[in-house]
2 protein chains.
Amino acid sequence: MADGASDHTQSRVTIRTVATDAGVSVAAVSKVMRNAYGVSDALRQKVEASIEKLGYRPSVAARGMRGRTFTLGVLLVGIDNPFLPGIYQGIESVTEAAGYKIMVCVGAARAQTEAQLIEQMIDNRMDGLILVASQIAGDTLEHYARQIPIVVVGHHETSAVGYDTINNDDQRGAARVVQAFVDQGYRDIAFLTQFEPDDHPADVSPQRELGYLDAMRAAGLADHIRILRLPQSNAPREQDFHQLLTSPDRPRAVFCWSDLDAIPLLGAAFRLGIRVPQDLAIVGYDNSPVAALPMVALSSVDQDGPHLGRLSAEALFSRMNGRKVAEHIQIEPRLIKRGSL
Amino acid sequence: MADGASDHTQSRVTIRTVATDAGVSVAAVSKVMRNAYGVSDALRQKVEASIEKLGYRPSVAARGMRGRTFTLGVLLVGIDNPFLPGIYQGIESVTEAAGYKIMVCVGAARAQTEAQLIEQMIDNRMDGLILVASQIAGDTLEHYARQIPIVVVGHHETSAVGYDTINNDDQRGAARVVQAFVDQGYRDIAFLTQFEPDDHPADVSPQRELGYLDAMRAAGLADHIRILRLPQSNAPREQDFHQLLTSPDRPRAVFCWSDLDAIPLLGAAFRLGIRVPQDLAIVGYDNSPVAALPMVALSSVDQDGPHLGRLSAEALFSRMNGRKVAEHIQIEPRLIKRGSL
DNA sequence: TGATTTACGTAGAACGGTGCACGAAACGGG
DNA sequence: CCCGTTTCGTGCACCGTTCTACGTAAATCA
């Protein structure tokens with residue numbers, strides 16, 4: 001445990017330093033910084049000159065104690081999820097234009113860790129929070145939402161009252177996949193997931209499962225419904241896939257809840273010499289960059305991450321500006337067809 | 001631009017609330033929190049009971065004004081670089097054990113943006129900084145290092161005095177690749193990069209270039225030295241690759257500065273029907289997860305990101321504990337051979 | 001037992017900002 | 001020319017912690 005402190009005593013330039021240098025009061029400098037009402041041009045220029053000269057930057061921490069930090073917190077599920085960069089980029093484009101900064105916390109897809117990270121961001125006095133694919137339960141979120149404006153992306157809490165949700169329509173996306181399979185003449189279509197729908201019904205995977213079930217029934221394929229539920233894990237699951245693919249009743253087509261599993265599955269098939277799509281058709285979800293590689297050529301549902309990101313940042317701003325009634329937006333997913341289907 | 005503030009006036013539980021509730025002074029509560037000297041068991045228990053009851057969490061921002069925040073800042077080049085998750089995980093493993101939190105800023109591989117982000121983290125009163133693959137010039141870093149303890153990963157500033165650097169030995173890694181090519185009988189070995197060595201000689205790519213040059217000369221292949229320098233860009237570069245691969249003097253073997261370019265190059269080759277490795281051998285750097293997919297099977301140099309991460313966090317802690325003399329650590333890279341070579 | 005430590009708890013001044021309340025000019029209308 | 005408005009700048013009380021300095025009571029020693 002680290003305990004001592006080094007002497008990085010570069011005696012920081014504070015608002016007082018600037019005030020002294022410019023020969024005005026501290027309050028005057030503060031006013032200039034916040035461009036508040038009641039500042040003459042002469043004053044403004046004096047102060048700005050001193051700020052420039054001294055290289056003054058206000059302390060976000062200190063500012064946060066009374067005012068706002070102009071910083072938004074973004075909680076990401078993990079750092080290696082291909083679905084995140086697009087969303088992040090969308091968020092950033094909006095926040096940057098608004099002059100807000102972003103601080104990121106990286107979760108571990110465990111609800112308790114994520115709650116800690118949310119608290120950390122609150123304790124760091126962020127002005128608002130965007131939670132991406134968080135697994136936290138709805139009532140916990142309502143609790144935090146009373147303390148800070150929150151927008152959730154990738155989590156379907158449509159009855160949430162204290163915060164907004166932004167999603168692609170996962171049920172519709174799943175339906176699109178089933179439809180595409182059916183159009184190609186497939187009937188034996190399985191759904192692969194690693195989540196129990198009862199645990200976190202608001203998560204994306206159960207939503208996709210629901211969409212799959214409905215679409216299969218609507219297509220008259222209720223008898224062919226088949227859910228392959230892997231044990232939940234972050235570890236590579238080559239064994240599971242190997243077993244699945246070599247089993248005598250291997251499905252003809254598999255819809256994977258995410259590219260995260262679809263791509264390794266494709267890899268396992270490749271290794272076993274199973275031809276895709278002749279012997280096995282696969283479709284994933286999230287349209288990660290890897291899916292687009294020609295040697296992968298995985299069909300996948302695109303969520304338009306940047307759009308989701310932009311919408312969530314905009315929703316957060318409007319909420320920070322006083323909107324009280326919750327918004328629940330869903331955008332249209334799009335199936336990108338490649339060689340695997 | 002957002003300007004109003006909502007009424008998230010959940011009147012936060014502060015140290016004063018706790019003090020009143022427990023019937024002690026504010027200072028006493030503070031002492032318990034920091035488990036400082038001079039607290040009786042009775043006092044501690046009273047206070048802890050109140051903390052528990054009220055769900056008190058200290059404000060990091062306020063704490064940062066006088067003491068330490070127990071939070072480290074991590075600056076990442078971008079969010080979609082496959083080389084980052086491993087490093088991040090390594091950092092996290094040691095910071096978590098030490099009871100420190102992490103806040104992340106995501107750069108854009110532009111020096112100016114990154115400088116702003118560093119300032120942002122300083123302004124947010126982080127206790128120390130880990131910069132991953134930052135492109136900031138050495139003297140700028142020295143400047144910031146006077147204000148806050150800094151460790152740099154993935155940037156070879158071996159003469160740095162005010163901060164530490166942790167790297168894999170990129171020159172050696174490159175040499176390993178050349179050696180492996182030579183061992184297989186290749187002579188026409190090109191190096192593919194998108195960076196000018198003069199711009200940022202401390203970056204990893206110029207280091208790998210240097211290692212390539214030395215190794216080629218050492219192997220008596222000075223005449224076969226060939227640097228393919230793409231225009232620097234984040235955009236997909238299918239055209240560049242297409243042109244390179246269809247050119248009459250296409251090299252027999254290509255060592256890519258990073259999997260970031262090696263994988264798309266492999267994709268372009270696949271699309272053109274160029275057999276790998278029969279017609280074209282490719283080796284990358286960073287050993288990203290995608291490289292391990294059987295249909296990709298890209299040979300690549302592994303840096304052991306988690307190890308780099310752990311070392312950097314440890315270096316940061318030791319620096320925060322008062323070490324003044326800079327440390328410059330290099331670990332051994334390892335070539336992972338797969339089908340592409 | 002009296003003198004000295006030692007242990008414990010508290011007051012209060014920082015830290016670096018914000019923003020309200022106030023006063024002093026400058027302005028303008030009758 | 002007087003008085004009510006604006007306009008501009010300042011003083012100061014916060015915000016939620018840390019931490020030094022200090023007072024008091026208990027424990028230790030001679």
Side-chain angles (χ1 to χ4, degrees), chain A residues 3-5 8-47 50-51 54 56-71 119 122-127 147, chain B residues 3-5 8-47 50-51 54-71 119 122-125 127 147:
Chain A
D3 50 43
H8 290 268
T9 5
Q10 177 103 135
S11 63
R12 198 185 162 97
V13 175
T14 77
I15 199 173
R16 260 162 270 269
T17 325
V18 176
T20 309
D21 182 87
V24 297
S25 75
V26 168
V29 180
S30 176
K31 274 187 160 181
V32 171
M33 293 297 300
R34 298 174 284 134
N35 48 13
Y37 175 80
V39 186
S40 66
D41 275 359
L43 178 76
R44 152 158 280 116
Q45 269 166 26
K46 267 195 299 187
V47 171
S50 290
I51 288 176
L54 301 171
Y56 167 68
R57 282 173 288 126
S59 154
V60 177
R63 168 178 279 171
M65 298 203 56
R66 291 214 107 218
R68 349 175 52 192
T69 57
F70 297 96
T71 307
E119 294 183 349
I122 294 177
D123 299 345
N124 273 82
R125 290 253 129 59
M126 309 280 96
D127 288 341
Q147 304 175 39
Chain B
D3 50 42
H8 291 267
T9 5
Q10 176 103 134
S11 63
R12 198 187 162 96
V13 175
T14 78
I15 198 172
R16 252 166 281 272
T17 325
V18 176
T20 308
D21 183 86
V24 297
S25 75
V26 168
V29 180
S30 177
K31 272 186 161 181
V32 170
M33 292 299 297
R34 298 173 286 132
N35 48 14
Y37 174 81
V39 188
S40 66
D41 275 359
L43 179 75
R44 153 158 280 117
Q45 268 164 27
K46 265 194 300 187
V47 171
S50 291
I51 288 176
L54 302 170
Y56 167 68
R57 281 173 288 125
S59 154
V60 178
R63 168 177 280 172
M65 296 202 57
R66 296 218 96 212
R68 345 174 58 194
T69 57
F70 297 96
T71 306
E119 295 183 349
I122 295 177
D123 299 346
N124 273 79
R125 290 255 129 59
D127 287 342
Q147 304 175 39

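Residue numbers start from 1 in every chain, and the chains themselves are labelled A, B, ... in the order their sequence lines are given, proteins ahead of strands.
Both A62(B) and R63(A) sit near DNA chain C, but only A62(B) has its closest nucleotide nearer the 5' end.
Inter-axis angle, ends of the helix from dT1(C)-dA30(D) to dG30(C)-dC1(D), five pairs per end, rounded to 10 degrees: 40°.
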Sort me out a list of protein N/O and nucleotides 19-22 of chain C N/O pairs below 3.5 Å, or just none if empty.
{"residue": "dG19(C)", "atom": "OP2", "partner": "R34(A)", "partner atom": "NH1", "Å": "2.9"}
{"residue": "dG19(C)", "atom": "N7", "partner": "R34(A)", "partner atom": "NH2", "Å": "3.4"}

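For T71(A), the side-chain hydrogen bond (donor to acceptor under 3.5 Å, both in side chains) test picks out no residue, with sequence neighbours left out. Annotation: side-chain hydrogen bond (donor to acceptor under 3.5 Å, both in side chains) contacts of N124(A) (sequence neighbours excluded): none. Among residues two or more places apart in sequence or in another chain, the side-chain contact (heavy atoms from CB on, under 4.5 Å) test is passed with A27(B) by S25(B). With sequence neighbours excluded, no residue forms a side-chain contact (heavy atoms from CB on, under 4.5 Å) with T20(B). Annotation: salt bridge (charged side-chain N to carboxylate O under 4.0 Å, His left out) contacts of R57(A) (sequence neighbours excluded): E119(B), D123(B). Taking the side-chain hydrogen bond (donor to acceptor under 3.5 Å, both in side chains) definition, one finds that R125(B) meets it with S59(A), sequence neighbours left out.
Atom CE in M33(A) sits about 15 Å away from atom P in dG16(C), given to the nearest Å. Atom P of nucleotide dA11(C) and atom CZ of R16(B) are separated by 12 Å, given to the nearest angstrom. Between L43(B) atom CG and dT10(C) atom P there is a gap of 7 Å when expressed in whole angstrom units. One interatomic measurement links the two molecules: CD1 of I15(B) to C1' of dA11(C), which rounds to 14 Å at whole-angstrom precision. Taking atom CG of N35(B) as the reference point, atom C1' of dC8(C) lies 16 Å away to the nearest angstrom. Following rounding to the nearest Å, R125(A) (CZ) and dT18(C) (C1') show an atom-to-atom distance of 13 Å.
Proximity of Y37(B) to the phosphate of dC8(C): no side-chain N or O atom is located under 4.0 Å from OP1 or OP2. For dG16(C), neither phosphate oxygen OP1 nor OP2 lies less than 4.0 angstrom from any side-chain nitrogen or oxygen of S59(A).
From I15(B), atom CD1 reaches atom CG of L54(B) across 12.5 Å, with rounding to the nearest 0.5 Å. Here the OH atom belonging to Y56(A) is positioned 9.5 Å from the CZ atom belonging to R16(A), to the nearest 0.5 angstrom.
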Quick one: side chains of residues 33-40 of chain B, donor-acceptor pairs under 3.5 Å with protein atoms, not counting sequence neighbours, listed by atom name and distance.
{"residue": "R34(B)", "atom": "NE", "partner": "S30(B)", "partner atom": "O", "Å": "3.2"}
{"residue": "R34(B)", "atom": "NE", "partner": "S30(B)", "partner atom": "OG", "Å": "2.9"}
{"residue": "R34(B)", "atom": "NH2", "partner": "S30(B)", "partner atom": "OG", "Å": "3.3"}
{"residue": "S40(B)", "atom": "OG", "partner": "L43(B)", "partner atom": "N", "Å": "3.3"}

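Among the protein residues, V60(B) comes within range of no part of the nucleic acid, since none of its heavy atoms lies under 4.0 Å from any strand. Counting non-hydrogen atoms under 4.0 angstrom, R57(B) reaches the backbone sugars and phosphates but no base. Among the atoms of the strands shown, only primed sugar atoms or phosphate atoms (P, OP1, OP2) are found under 4.0 Å from some heavy atom of V39(A).
For residues 17-26 of chain A, the set of pairs meeting the salt bridge (charged side-chain N to carboxylate O under 4.0 Å, His left out) definition, not counting sequence neighbours, comprises D21(A)-K53(A).
Between chain A and DNA chain D, the heavy-atom contact criterion of under 4.0 Å yields a 5' to 3' nucleotide range of dT7(D) to dG16(D).
Closest heavy-atom contact between G64(B) and T69(B): CA-CG2, 3.5 Å. Of all non-hydrogen atoms in V47(A) and A22(A), the two that sit nearest each other are CA-CB, 4.2 Å.
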